[in-house]
> 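Questions regarding the structure given below will be posed in turn.
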Amino acid sequence: MLQISVIRQNQLEVIEGLGKKNVPDAAEKIAEILQLDDQRKQWRTELEKLLTDRNQFSDEVGKRYKEGDKEGAEAIKVKVNALKDKTAELEVLLGNIEKDLDGLLYLIPNLPHASVPPGKTPDDNEEYQSWTAELPVLSEHALPHWDLAKKYNLFDLELGVKITGSGFPVYRGKGAKLQRALIQFFLDEAVNAGYEEIMPPLLVNEASATATGQLPDKEGQMYYVAKDDLYLIPTAEVPITNILRDVILDAAKLPVKMCGYTPCFRREAGSYGAHVRGLNRVHQFDKVEIVQVAHPDQSYQVFDQMIQHVSQILAKLELPYRILRLCGGDMSFASALTFDFEVYSAGQKRWLEVSSVSNFETFQSNRLKLRFKDGKQSRLAHTLNGSALALARIVAALLENNQTAEGIIIPKALIPYTGFDRIS
RNA sequence: GGAGAGGUGCUCGAGUGGUUGAAGAGGCACGCCUGGAAAGCGUGUAUACCUUUGCGGGUAUCGAGGGUUCGAAUCCCUCUCUCUCCGCCA
């Protein structure tokens, strides 16, 4: 969440930024927050004064007893008891106002970076890097990946329905091997780029989901295990970033680079139709995530690095891709800047989102209490993450783009991982 | 799941109601000493918030939350986590 001190010092910029993210009534909301905060401060000051008195009186009681002045002590006790009513009252008021204030702050999204274009829908996203070479053109007999899957027995969605429900693919044979190969390939790429590999829990508690911003904003998107009060992770970002919750890092340790493979679980309620067919949108998919924690002065350099990293992987997979700079309306709640990667899926003649790289600046670290020592001072670090990469749609594009009369050709870079060079 | 023992600062560890935000030791930082180093000596070494132009002052925090009390790291309750033994188990 945003820091109150930042909101206070930059009211106009904050309101303007929230406007770009299409937050309705931003000015009113900020005014309300600041007003609550003023009240909070006033009550806190009052309370602390009373507590100071109470502490002093209590010390005095102890001294009187030691000196044998029992009557004096009793007299002071009466005074303290009078104070206690007032402090109890103020404590309730303060507790409530702090809760209200937090509630409001949790609903305020991060401010967009200056370079973020205005806009409301994906149509307003800006093409940051387009695909200049020719797009693959397939023969008339080319199939979408869901038909290829049937033809070569690679994954089975109906079977997933039987076992679990819609949106839970069952990969099999070479389809399963291809999944494993991609995961391994992506992990190797990340580790070679200096990321520490993490294998985290797939369920997280409420504190973790809140710290990275999924709660309360995206509560309905996560699978929830009520009996144990745990959430299935929608991305490895959640457990991995939370490794550093409540941590104060040595500045020399920045940037911290971590990566991890996990399945991702998303409820994605209420979507039907051709554009979500096959692997285009599923409830469970595999993804390798890269996470960095950076010094605020360097986080945009780190961001560029991450963009390069993802670009390289796509190039090695020989997939046509483009990079979009998301507009204010299409960005996630917690992000300050997001670039999406889309690959071209020739069987469907569509661009599919396969990666999203974001800089959250201090939005997550404020909730996480993730700081670093800048001399004697501790400051909030910047957090960034990106998919490198999400599998399901990569698989869709690979199958479709590489289909030939002789089968599906595996890109060279992947062959060492799959152990086969074509699916036929 | 059952029984027991515990959770104190960067680490170890003392502390069962009153100048204890916390002894002592270690680590670390800085200074003195030294040709340099070690040893030795000295100083410093949590976080958040409120207040103050600043120096500073204050409040809270000894797993978490509540209670008792003039006063709680210390007493009581609930929760949680760790360890040991038993049970179950990939």
Side-chain angles (χ1 to χ4, degrees), chain A residues 1-9 33-106 199-211 215 225-231 239 242-254 256 263 362-381:
Chain A
M1 62 179 143
L2 296 178
Q3 299 166 84
I4 285 239
S5 55
V6 171
I7 296 178
R8 193 174 282 285
Q9 282 161 28
I33 284 171
L34 290 179
Q35 202 191 335
L36 279 180
D37 191 47
D38 286 337
Q39 182 67 74
R40 184 195 125 251
K41 282 186 181 177
Q42 191 196 320
W43 280 340
R44 174 149 297 277
T45 309
E46 261 177 62
L47 174 65
E48 289 188 355
K49 267 183 196 148
L50 292 175
L51 288 175
T52 308
D53 289 349
R54 193 192 76 176
N55 288 342
Q56 280 172 358
F57 284 138
S58 294
D59 280 353
E60 188 67 23
V61 170
K63 273 180 206 153
R64 293 286 169 104
Y65 271 127
K66 259 183 201 160
E67 289 162 7
D69 179 7
K70 211 176 166 189
E71 268 178 42
E74 293 297 329
I76 296 170
K77 277 192 196 179
V78 175
K79 276 198 205 172
V80 180
N81 275 327
L83 278 178
K84 272 170 88 178
D85 291 341
K86 278 194 207 164
T87 57
E89 200 180 308
L90 267 174
E91 268 166 8
V92 171
L93 287 173
L94 252 182
N96 287 338
I97 205 167
E98 281 174 355
K99 225 172 75 192
D100 291 348
L101 194 55
D102 267 357
L104 285 177
L105 280 172
Y106 273 135
M199 202 179 272
L202 306 182
L203 284 88
V204 294
N205 56 30
E206 186 185 335
S208 294
T210 305
L215 289 179
V225 182
K227 194 162 186 179
D228 297 290
D229 198 17
L230 296 171
Y231 295 85
N242 270 281
I243 288 173
L244 294 171
R245 172 150 51 92
D246 291 320
V247 169
I248 300 176
L249 289 162
D250 195 337
K253 294 227 169 98
L254 297 176
V256 177
T362 58
F363 193 84
Q364 286 185 329
S365 57
N366 190 31
R367 287 196 191 180
L368 287 158
K369 299 203 183 71
L370 164 49
R371 290 155 290 182
F372 70 95
K373 275 281 178 209
D374 188 10
K376 273 205 159 180
Q377 210 189 357
S378 54
R379 294 173 61 188
L380 294 174

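Proteins come first, then strands; the chains are lettered A, B, ... in the order of their sequence lines, and each starts at number 1.
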> What integer distance in Å separates A:Asp246:CG from B:rA48:P?
11 Å
> Indicate yes or no: at least one non-hydrogen side-chain atom of A:Glu206 is less than 4.5 angstrom from one of A:Leu215.
yes
> Which residue pairs pass the salt bridge (Lys or Arg N to Asp or Glu O under 4.0 Å) test with at least one member in residues 242-253 of chain A, sequence neighbours excluded?
none
> Taking the side chain as everything from C-beta on, heavy atoms only, tell me whether A:Val61 gets closer than 4.5 Å to A:Arg64.
no
> Side chains of A:Tyr65 and A:Glu74: does their closest heavy-atom pair fall under 4.5 Å?
yes
> Holding to salt bridge (Lys or Arg N to Asp or Glu O under 4.0 Å), I want the full list of residues that pass it with A:Arg44, two or more places apart in sequence or in another chain.
A:Glu48, A:Glu98
> How about A:Asn55 and A:Ser58: does a side-chain donor come under 3.5 Å of a side-chain acceptor?
no
> Which atoms of nucleotides 18-21 of chain B (N or O only) lie under 3.5 Å from a protein N or O atom, and what are those distances?
{"residue": "B:rG18", "atom": "N2", "partner": "A:Ser58", "partner atom": "O", "Å": "2.8"}

> With sequence neighbours left out, write down each residue that passes side chain to side chain contact (heavy atoms under 4.5 Å, CB included) with A:Asp85, or none if nothing qualifies.
none
> Between A:Asp102 and A:Lys99, does any side-chain N to carboxylate O distance fall below 4.0 Å?
no
> Nucleotide by nucleotide, 5' to 3', does protein get under 4.0 Å of the base (B), only the sugar-phosphate (S), or neither (-) in nucleotides 49-63 of chain B, counting heavy atoms?
BBS------BBS---
> Hunt down any stem RNA chain B takes part in, defined as 3 or more consecutive Watson-Crick or G-U pairs whose two distances are each under 3.5 Å.
B:1-7 with B:80-86, B:10-12 with B:24-26, B:27-32 with B:40-45, B:46-51 with B:56-61, B:63-67 with B:75-79
> For nucleotides B:rA46 and B:rG21, find the distance between their P atoms and express it as a whole number of Å.
15 Å
> Quick one: A:Asp228 CG to B:rU80 C1', roughly how many Å, whole number?
14 Å
